[in-house]
Chemist: 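One structure, as structure tokens, below. Some questions next.
Residue numbers begin at 1 in each chain, while the letters A, B, ... track the order of the sequences. All values derive from a computational prediction rather than experimental measurement.
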Amino acid sequence: MKVYENNGRITIENVQGFNLKNTFENGQCFRWRECEDGSYSGIAFGKMLNIKKVLNKIEIYPTNLKEYNEIWKNYFDMETDYQEIIDDLKGKDKYLDQAFEMIDGLRILKQEPWETTISFIISANNNIPRIKKIIETISLQFGEKTDEEHYAFPTAVEISEGSIQELRECGAGFRDKYIYNAACKICDESINLNDLIEMDTNEAKKILLNFNGIGNKVAECVLLFSMNKYDVFPEDTWVKKIVKNLYEEESKEFSNVRDFFNYKFGQYSGYAQQVLFYWARLTNLGVK
DNA sequence: GTCCAGGATCGGA
DNA sequence: TCCGATCATGGA
């Protein structure tokens, strides 16, 4: 992998295992959009970024080498060898193997804990297009402008300076108070969610569960998508469908779904979950 | 009109 | 501990 800077643009050569569509549209993130040329634009860390793939070369702009090393290398998880993860998981399950045939190059982004927390609070009993719309509106309403047309996701302070009513007007619905309370809790108790990255899974999870509007599933999504915890297995409506339809017999002897999948997939069960989730949605449980 | 969406919370059994 | 109702909103 060779990285170089040219005219406000970073080029990374010999990138293996990075499929833009499978990475940005698998339901882990909500602020990336496909452009007409097949590249993706999104906003993270208060910056608008475009990422394009040509053969096995990745180009991102506007950025520079310093910023790449400080932010994007980690955000796109460029140091992780995904082939190693896939090799570990392959052969363990026929449905996952089937999913891998369709879904290559899916990377788990290392997103910002605060934005991820609010995003998945919003995800409760909601659908992905509307989650995206609500997050965009909240950013427009409360966030700082990053360029002519883009807005950063607001900080906890920025949201706490607003009101529940304003969040309701962003389309958040009954989750308005959860978002507002989370922002206030962060400010009042001087909590830095980035600290949870260094904790072990259960310790970090306990803290997340103290927020109103965060239950088991939302907590596990936050742990997986922003805190580098890969031993969790978020159990949403699709995962429940998967278990009910594909693993009913096999999972019977386990007391809960988590134990079953941890036993089945081991240390990378979080990655397996995300591939299965995306595959199940795309194929309607492998039917088509 | 009903049903569902990357669920969580609450009250009551 | 477990179960059902309820929570806004929009699209199918």
Chemist: Tell me yes or no: between the side chains of Asn181(A) and Asn212(A), is some donor less than 3.5 Å from an acceptor?
Modeler: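 Distance-only check fails for Asn181(A) and Asn212(A).
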Chemist: Please state whether the phosphate of dG7(B), meaning OP1 or OP2, lies under 4.0 angstrom from any side-chain nitrogen or oxygen of Thr237(A).
Modeler: yes
Chemist: Lys241(A) has a side chain; which of dA5(B), dA8(B), dA8(C) sits nearest to it?
Modeler: dA5(B)
Chemist: Any donor-acceptor pair under 3.5 Å linking the side-chain atoms of Asn194(A) with those of Asn192(A)?
Modeler: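 A donor-acceptor contact under 3.5 Å links the two side chains.
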Chemist: If I take atom CD1 in residue Ile242(A) and atom P in nucleotide dG6(B), what distance separates them, rounded to the nearest angstrom?
Modeler: 13 Å
Chemist: For Ile121(A) and dA5(B), give me the distance from atom CD1 to atom C1', rounded to whole Å.
Modeler: 17 Å
Chemist: Which of these, Tyr263(A), Phe265(A), Phe261(A), sits in a ring pair (Phe, Tyr, Trp, His ring centres under 6.0 Å) with Tyr247(A)?
Modeler: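 Exactly one pass, corresponding to Phe261(A).
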Chemist: What is the separation between atom CD1 on Ile131(A) and atom C1' on dC4(B), rounded to the nearest whole Å?
Modeler: 13 Å
Chemist: Expressed in angstrom and rounded to an integer, what is the separation of Leu167(A) atom CG from dA8(C) atom P?
Modeler: 14 Å
Chemist: For nucleotides 9-11 of chain B, print each protein N/O atom paired with a nucleotide N/O atom at under 3.5 Å, atom names and distance only.
Modeler:
from	atom 1	to	atom 2	distance (Å)
dT9(B)	OP1	Gly213(A)	N	2.7

Chemist: Report all interatomic pairs (protein N or O, nucleotide N or O of nucleotides 9-12 of chain C) with separations under 3.5 Å.
Modeler:
from	atom 1	to	atom 2	distance (Å)
dT9(C)	O4'	Arg130(A)	NH1	3.4
dT9(C)	O2	Arg130(A)	NE	3.2
dT9(C)	O2	Arg130(A)	NH2	3.1

Chemist: With under 30° as parallel and over 60° as perpendicular, where do the rings of Phe24(A) and Trp32(A) fit, or are they tilted in between?
Modeler: parallel
Chemist: With rounding to whole Å, what would you report as the distance between dC3(B) and dT6(C) at their C1' atoms?
Modeler: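 My reading of the C1' atoms in dC3(B) and dT6(C) gives 16 Å.
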Chemist: Quickly work out the Ile179(A) CD1 to dC7(C) P distance and round it to whole Å.
Modeler: 18 Å
Chemist: If you round to the nearest 0.5 Å, how far is NZ of Lys73(A) from CE of Met1(A)?
Modeler: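 So the CE of Met1(A) and the NZ of Lys73(A) are separated by 8.0 Å.
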Chemist: How would you label the contact of Gln274(A) with the nucleic acid (heavy atoms, under 4.0 Å): base, sugar-phosphate, or nothing?
Modeler: base
Chemist: Roughly how far apart, to the nearest Å, are dG10(C) and dG1(B) at atom P?
Modeler: 16 Å
Chemist: In whole angstrom, what separates Lys240(A)'s NZ from dG6(B)'s P?
Modeler: 13 Å
Chemist: How many whole angstroms separate atom CD1 of Ile122(A) from atom P of dA5(B)?
Modeler: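 Answer to the nearest Å: 19 Å.
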Chemist: Provide the distance between the two P atoms, one in dA5(C) and one in dT2(B), to the nearest whole Å.
Modeler: 15 Å
Chemist: With salt bridge (Lys or Arg N to Asp or Glu O under 4.0 Å) as the criterion, how do Glu249(A) and Lys252(A) come out once you've worked through the C-alpha distance, each side chain's angles and the decisive distance to 0.1 Å?
Modeler: CA-CA 5 Å; Glu249(A) 275 305 304; Lys252(A) 214 158 50 179; 3.1 Å; yes
Chemist: In whole angstrom, what separates Asp176(A)'s CG from dC7(C)'s C1'?
Modeler: 10 Å
Chemist: I'd like the P distance from dC4(B) over to dG4(C), given in whole Å.
Modeler: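 Between the two P atoms, the distance is 15 Å.
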Chemist: Out of Ile71(A), Ile60(A), Thr146(A), which residue meets the side-chain contact (heavy atoms from CB on, under 4.5 Å) rule with Leu49(A)?
Modeler: Ile60(A)
Chemist: Would you kindly check whether a donor in the side chain of Glu235(A) faces an acceptor in the base of dG7(B), or vice versa, at under 3.5 angstrom?
Modeler: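 Side chain to base: no pair below 3.5 Å.
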Chemist: Knowing that exactly one of Ile179(A), Leu167(A), Asn126(A) qualifies, which makes a side-chain contact (heavy atoms from CB on, under 4.5 Å) with Ile134(A)?
Modeler: Asn126(A)
Chemist: Look up atom CD1 in Ile138(A) and atom CD in Glu166(A), then write down how far apart they are to the nearest 0.5 Å.
Modeler: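 So the CD1 of Ile138(A) and the CD of Glu166(A) are separated by 11.0 Å.
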Chemist: Counting only distance, no hydrogens or angles, is the base of dG6(B) paired donor-acceptor with the side chain of Glu220(A) under 3.5 Å?
Modeler: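 No such pair is found, so the answer is no.
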Chemist: Can a cation-pi geometry be assigned to Lys185(A) and Phe211(A), taking NZ or CZ under 6.0 Å from the six-membered ring centre and within 45° of the ring axis?
Modeler: yes
